[in-house]
Participant: 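The following block contains the structure, expressed as structure tokens.
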Amino acid sequence: MSPLILTLVLDAASQAFFDRLRRQHFPPERNVLDAHLTLFHALDGEQEAAILADIRAAVGPAFPIDVSGLRSLGRGVAYTIVSDQLTALRGRLARAWAPMLTAQDQQRFAPHVTIQNKASSDDARALLATLRAGFTPFPATASGLALWRYKGGPWEAVDTIVFSEERPEALPLDSITR
């Protein structure tokens with residue numbers, strides 16, 4: 001069965017901002033996805049029901065995230081995201097799913113939204129310089145989690161779990177039962 005990918009759902013305005021930049025700067029022949037913040041790249045597709053149960057048990061109210069800067073990807077550019085609540089949520093899920101995590105998903109979590117990749121190094125450096133020159137950090141909202149099935153190109157939507165509307169100071173993370 002195809003692997004599963006888990007991404008963060010952003011508020012509509014932030015998503016539209018990142019999508020616009022991705023359409024402008026990602027090589028068009030390679031741009032088959034909307035902008036996204038990947039939490040896990042390859043979860044075991046055979047465990048879909050258990051994964052969805054864990055996600056539902058872990059979610060709570062929507063919470064703020066900070067778009068704090070830009071970073072080079074070598075041949076691309078990404079916006080960096082800072083959020084203790086996001087890191088805690090991802091950490092809780094990573095501990096629950098430890099036996100199925102790939103080497104990539106075991107690496108240190110560095111949340112970001114890629115708006116350019118697989119471009120020339122020169123194009124990436126130029127875009128990074130341009131975006132940094134006008135950058136001001138801004139807030140966004142984590143509004144849910146989306147689970148996808150990897151199909152070799154565009155992803156197939158499995159489910160979206162939307163967070164509740166309230167935005168408390170801290171996201172309560174109940175224990176995941178597994």
Participant: With the 4.5 Å side-chain cut-off for hydrophobic clustering, are Leu93 and Val162 part of the same group?
Facilitator: no
Participant: Should Ile51 and Leu6 be marked as a side-chain contact (heavy atoms from CB on, under 4.5 Å) after you check the CA-CA gap, both sets of side-chain angles, and the distance that decides it?
Facilitator: CA-CA 10 Å; Ile51 289 168; Leu6 185 65; over 6 Å; no
Participant: Determine yes or no for a side-chain-to-main-chain donor-acceptor pair under 3.5 angstrom, with Thr38 supplying the side chain and Phe40 the backbone.
Facilitator: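 Absent.
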Participant: Please examine the side chains of Thr136 and Phe138, heavy atoms only from C-beta on, and report whether any two atoms are closer than 4.5 Å.
Facilitator: no
Participant: Measure the spacing between NE2 of His36 and CZ of Arg22 and express it to the nearest 0.5 Å.
Facilitator: 5.5 Å
Participant: Under the 3.5 angstrom rule, does the side chain of Arg90 hit a backbone N or O of Leu86 as a donor-acceptor pair?
Facilitator: no
Participant: Check the pair Phe163 / Leu145 against side-chain contact (heavy atoms from CB on, under 4.5 Å), numbers first and verdict last.
Facilitator: CA-CA 8 Å; Phe163 299 160; Leu145 297 173; 3.9 Å; yes
Participant: In Å and rounded to the nearest 0.5 Å, what is the CD to CG distance from Glu156 to Leu147?
Facilitator: 10.5 Å
Participant: Hey, what's the ring geometry for Phe135 with Tyr79, parallel, tilted or perpendicular (30° and 60° as the breaks)?
Facilitator: tilted
Participant: Tell me every residue that passes side chain to side chain contact (heavy atoms under 4.5 Å, CB included) with Val9, counting only those two or more places apart in sequence or in another chain.
Facilitator: Ser143, Ala146, Thr160
Participant: Check this for me: Asp159, atom CG, are more than 12 non-hydrogen atoms of other residues, nucleotides or ligands nearer than 6.0 Å?
Facilitator: yes
Participant: Please check if Leu43 and Val158 belong to a single hydrophobic cluster, counting links between Ile, Leu, Val, Met, Phe, Trp and Tyr side chain heavy atoms closer than 4.5 Å.
Facilitator: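 In one cluster: yes.
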Participant: Please check this pair: side chain of Arg132 against backbone of Leu70, looking for a donor-acceptor N/O pair closer than 3.5 Å.
Facilitator: yes
Participant: Got Pro64 and Gln85 here, is their nearest side-chain heavy-atom distance under 4.5 Å?
Facilitator: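 Yes, close enough: below the 4.5 Å cut-off.
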Participant: Roughly how far, to the nearest 0.5 Å, is CD1 of Ile65 from CG of Asp84?
Facilitator: 12.5 Å
Participant: As an exercise, state the distance from CG of Asn31 to CZ of Arg23, rounded to the nearest 0.5 Å.
Facilitator: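 One gets 8.5 Å once the value is rounded to the nearest 0.5 Å.
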Participant: Do Gln106 side-chain atoms and Leu101 backbone N/O form a donor-acceptor pair below 3.5 Å?
Facilitator: yes
Participant: Check the hydrophobic clustering (I, L, V, M, F, W, Y; side-chain heavy atoms under 4.5 Å; chains of links allowed) and say if Leu21 and Val113 are grouped together.
Facilitator: yes
Participant: Do side-chain atoms of Arg75 reach the backbone of Asn117 as a donor and acceptor pair under 3.5 angstrom?
Facilitator: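 No: the side chain of Arg75 does not pair with the backbone of Asn117.
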Participant: Using modelled atom types and a 3.5 Å cut-off, is there a donor and acceptor pairing between side-chain atoms of Arg71 and backbone atoms of Thr80?
Facilitator: no
Participant: What is the distance from atom CZ of Arg30 to atom NZ of Lys118, rounded to the nearest 0.5 Å?
Facilitator: 6.0 Å
Participant: For Leu128 versus Ser72, what's the shortest heavy-atom pair and its separation?
Facilitator: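 Heavy-atom minimum between the residues: CD2-CB, 3.7 Å.
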Participant: If you define the side chain from C-beta out and look only at heavy atoms, does anything of Ile115 sit under 4.5 Å from Arg20?
Facilitator: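 Of all side-chain heavy-atom pairs linking Arg20 with Ile115, none is under 4.5 Å.
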Participant: Please check this pair: side chain of Asp11 against backbone of Ala140, looking for a donor-acceptor N/O pair closer than 3.5 Å.
Facilitator: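 Looks like no, no N/O pair under 3.5 Å.
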Participant: Looking at every non-hydrogen atom in both residues, tell me the closest pair between Ser164 and Pro61 and how far apart they are.
Facilitator: OG-CA, 3.1 Å
Participant: Okay, side chain of Gln15, backbone of Ala35: is any donor-acceptor separation there less than 3.5 Å?
Facilitator: yes
Participant: Minimum heavy-atom separation for Leu4 and Arg149, please, with both atom names.
Facilitator: CD2-NH1, 3.4 Å
Participant: Step by step, work out the side-chain contact (heavy atoms from CB on, under 4.5 Å) result for Val77 and His25.
Facilitator: CA-CA 9 Å; Val77 175; His25 302 293; over 6 Å; no
Participant: Any idea which heavy atoms bring Gly45 and Met1 closest together, and the distance?
Facilitator: O-SD, 3.0 Å
Participant: Kindly work out whether a path of hydrophobic side-chain contacts (I/L/V/M/F/W/Y, heavy atoms less than 4.5 Å apart) joins Leu10 to Leu131.
Facilitator: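 Yes, same cluster.
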Participant: Roughly how far apart are Leu37 CG and Ser14 OG, rounded to 0.5 Å?
Facilitator: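 If I round to the nearest 0.5 Å, the distance is 11.5 Å.
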Participant: Has Asp66 got a side-chain atom pairing as donor or acceptor with Ser68's backbone, closer than 3.5 angstrom?
Facilitator: no
Participant: With heavy-atom distances below 4.5 Å as the criterion, would you say the side chains of Val67 and Phe18 are in contact?
Facilitator: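 The answer is yes; the side chains approach within 4.5 Å.
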Participant: For a side-chain contact (heavy atoms from CB on, under 4.5 Å) check, start with the C-alpha distance between Arg56 and Leu52, then their side-chain angles and the critical distance, and finish with the verdict.
Facilitator: CA-CA 6 Å; Arg56 287 186 183 104; Leu52 281 168; 3.5 Å; yes
Participant: Identify, with sequence neighbours excluded, every residue that meets side chain to side chain contact (heavy atoms under 4.5 Å, CB included) alongside Ser120.
Facilitator: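 Applying side chain to side chain contact (heavy atoms under 4.5 Å, CB included) to Ser120 gives Asp122, Asp123.
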Participant: Going by side-chain heavy atoms closer than 4.5 Å, which hydrophobic residues are tied to Val32, directly or by a chain of links?
Facilitator: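 Noted: Val32 shares its cluster with Ile5, Leu33, Trp148, Tyr150, Trp155.
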